[in-house]
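Before any comments, here is the structure.
Residues: numbered from 1 along the sequence shown. For clarity, every value in this text was computed on a predicted model and none was experimentally measured.
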Amino acid sequence: MRIRQSICYPILKPEGMSHDTFFGVAADLGYEAVEMWNRGDDFEAIAKAASAHNLRIASMCGHGTLDAGLNDRANHARIERELRNSIDIAADHGIAGVICFSGSRRPSLTEGDGIKITAEGLRLIAPYAEKKGVNINIELLNSKVDHKGYQCDHTGWASAVHDQVKSPRVKLLYDIYHMQIMEGDIIRTLRDNIDRIGHFHTAGVPGRNDMDDSQELNYRAIAHAISATGYDLYVGHEFSPKGDALAALKQTFEVFNV
């Protein structure tokens, strides 16, 4: 299965370059989609610029807070409203999935209770996602370097949430960069959980930079492993280039063009 690649344009677009120019370059390189981090006032203009180059929008954030997430029942009503709105936008624009977050750990919150409460929150909105045909992807982030205290920081935790919700539209955003930091064992883990995964993110480890020979992951082998599973959604590149962004995008596309 050929991997469908997308780019997180907010960190990859060179400063001063127009969206139209950048998206044109991305399309020429072979990318199929871009990713939106938010649904701000410029959303429609950016979506239109991407569409002009036949680029889809692969993913966008579904609610507004990372630390105050679904593992707190006090946040459920707000996040349900925000996810509902995001799902509507996604359905209207053909966006495959929206992102949600567990939230941070709290002293009184056990891992098991965090899973249970997060699943409760997702069950509130899952039927609407099913109706609209949009995935809700709970993002796995590392709590060691970048997001201290974040609770959904291991594949087993996210998988337990997924299995409790029991919705075909609730998936995992498996971020390879973050999970290499937390647990490693990337290829076996993605193979074992591919039916739960609704989106991938990539970046070099350490540093969250280019996927070149200066970092520790064999991304070409990972790309072949993903392709071999038959996965047909997007792999999104979310890294900060060390040098020329367009050269980094070209090199990255070639690694995953399997």
Below 30° counts as parallel, above 60° as perpendicular, anything between as tilted: where do the rings of Tyr219 and Phe256 land? tilted
Hey, can you tell me if Tyr231 and Phe200 have their rings parallel, tilted or perpendicular (30° and 60° cut-offs)? perpendicular
Can you hop from [X] to [Y] via hydrophobic side chains spaced under 4.5 Å?
{"X": "Leu12", "Y": "Val235", "value": "yes"}
{"X": "Leu83", "Y": "Val170", "value": "yes"}
{"X": "Ile79", "Y": "Leu172", "value": "yes"}
{"X": "Ile11", "Y": "Val25", "value": "yes"}
{"X": "Met17", "Y": "Val34", "value": "yes"}

When you look at Asn137 and Ser59, which way does the side chain to side chain donor-acceptor pair (under 3.5 Å) test go after all the steps? CA-CA 9 Å; Asn137 298 317; Ser59 176; 5.2 Å; no
Would you mind reporting whether [Y] and [X] have side-chain heavy atoms less than 4.5 Å apart?
{"X": "Met211", "Y": "Leu217", "answer": "no"}
{"X": "His63", "Y": "Cys100", "answer": "yes"}
{"X": "Asp20", "Y": "His53", "answer": "yes"}
{"X": "Asn257", "Y": "Arg2", "answer": "yes"}
{"X": "Ile3", "Y": "Val258", "answer": "yes"}
{"X": "Leu122", "Y": "Leu70", "answer": "yes"}
{"X": "Gln215", "Y": "Arg208", "answer": "no"}
{"X": "His76", "Y": "Ile117", "answer": "yes"}

Provide the closest heavy-atom pair for [X] versus [Y] in the form atom of the first, atom of the second, distance.
{"X": "Lys144", "Y": "Lys148", "result": "O-CE, 2.6 Å"}
{"X": "Tyr31", "Y": "His237", "result": "CE2-CD2, 3.6 Å"}
{"X": "Ser159", "Y": "Asn193", "result": "OG-OD1, 3.0 Å"}
{"X": "Ala223", "Y": "Val255", "result": "CB-O, 3.8 Å"}
{"X": "Arg106", "Y": "Asn71", "result": "NH2-O, 3.1 Å"}
{"X": "Asn135", "Y": "Pro168", "result": "OD1-O, 4.0 Å"}

Checking the side chain of [X] only, and the main-chain atoms of [Y] only, is there a donor and an acceptor separated by less than 3.5 Å?
{"X": "Ser86", "Y": "Gly62", "result": "yes"}
{"X": "Glu130", "Y": "Ser167", "result": "no"}
{"X": "Ser227", "Y": "Met1", "result": "yes"}

Flag the pair His19 / Tyr9 as yes when their ring centroid distance falls below 6.0 Å, and as no otherwise.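 Yes.
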Nearest 0.5 Å, please: how far is [atom2] in [Y] from [atom1] in [X]?
{"X": "Leu55", "Y": "Ile46", "atom1": "CG", "atom2": "CD1", "answer": "13.0 Å"}
{"X": "Arg169", "Y": "Lys131", "atom1": "CZ", "atom2": "NZ", "answer": "14.5 Å"}
{"X": "His162", "Y": "Lys171", "atom1": "NE2", "atom2": "NZ", "answer": "5.0 Å"}
{"X": "Tyr150", "Y": "Ser102", "atom1": "OH", "atom2": "OG", "answer": "3.5 Å"}
{"X": "Ile176", "Y": "Ile187", "atom1": "CD1", "atom2": "CD1", "answer": "9.0 Å"}
{"X": "Arg191", "Y": "Asp185", "atom1": "CZ", "atom2": "CG", "answer": "10.5 Å"}

Quick one, Ser214 with Asp212, criterion side chain to side chain donor-acceptor pair (under 3.5 Å). Give me CA distance, side-chain angles, the key distance, then yes/no. CA-CA 6 Å; Ser214 68; Asp212 57 18; 2.6 Å; yes
Taking ring-ring contact (aromatic ring centres under 6.0 Å, His included) as the definition, give me every residue that meets it alongside Tyr177, ordered by chain and number, with sequence neighbours left out.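 By the ring-ring contact (aromatic ring centres under 6.0 Å, His included) rule, Tyr177 matches no residue at all.
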With Tyr128, which residues qualify under ring-ring contact (aromatic ring centres under 6.0 Å, His included), at least two apart?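 In terms of ring-ring contact (aromatic ring centres under 6.0 Å, His included), with neighbours along the sequence ignored, Tyr128 is linked to no residue.
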Do Ser104 and Asp67 meet the criterion of a side-chain donor-acceptor pair at a distance under 3.5 Å? yes
For the residue pair Thr65 / Asn75, report whether a side-chain donor-acceptor contact shorter than 3.5 Å exists.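 No.
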Hey, mind stepping through Ile226 and Tyr174 against side chain to side chain contact (heavy atoms under 4.5 Å, CB included) and telling me if it holds? CA-CA 12 Å; Ile226 294 170; Tyr174 186 78; over 6 Å; no
When you check the gap from the basic side-chain N to the acidic O, do [X] and [Y] get nearer than 4.0 Å?
{"X": "Asp232", "Y": "Arg4", "answer": "no"}
{"X": "Arg105", "Y": "Asp153", "answer": "yes"}
{"X": "Arg196", "Y": "Asp163", "answer": "yes"}
{"X": "Glu44", "Y": "Lys48", "answer": "no"}

Quick one, Gln164 with Val161, criterion side chain to side chain contact (heavy atoms under 4.5 Å, CB included). Give me CA distance, side-chain angles, the key distance, then yes/no. CA-CA 5 Å; Gln164 287 193 22; Val161 170; 6.0 Å; no
List the steps and the verdict of side chain to side chain contact (heavy atoms under 4.5 Å, CB included) for His93 and Met60. CA-CA 11 Å; His93 289 83; Met60 61 179 266; over 6 Å; no
Would Thr155 and Glu183 count as a side chain to side chain donor-acceptor pair (under 3.5 Å) here? Give the steps. CA-CA 8 Å; Thr155 308; Glu183 60 190 20; 2.3 Å; yes
Would you please test Ile125 and Arg84 for side chain to side chain contact (heavy atoms under 4.5 Å, CB included) and show each step? CA-CA 7 Å; Ile125 191 64; Arg84 182 177 289 264; 4.0 Å; yes
Assess the residue pair Glu139 and His178 against the criterion (side chain to side chain donor-acceptor pair (under 3.5 Å)); give the C-alpha distance rounded to whole Å, side-chain angles, the decisive distance to 0.1 Å, and a yes or no. CA-CA 10 Å; Glu139 185 158 16; His178 288 294; 5.0 Å; no
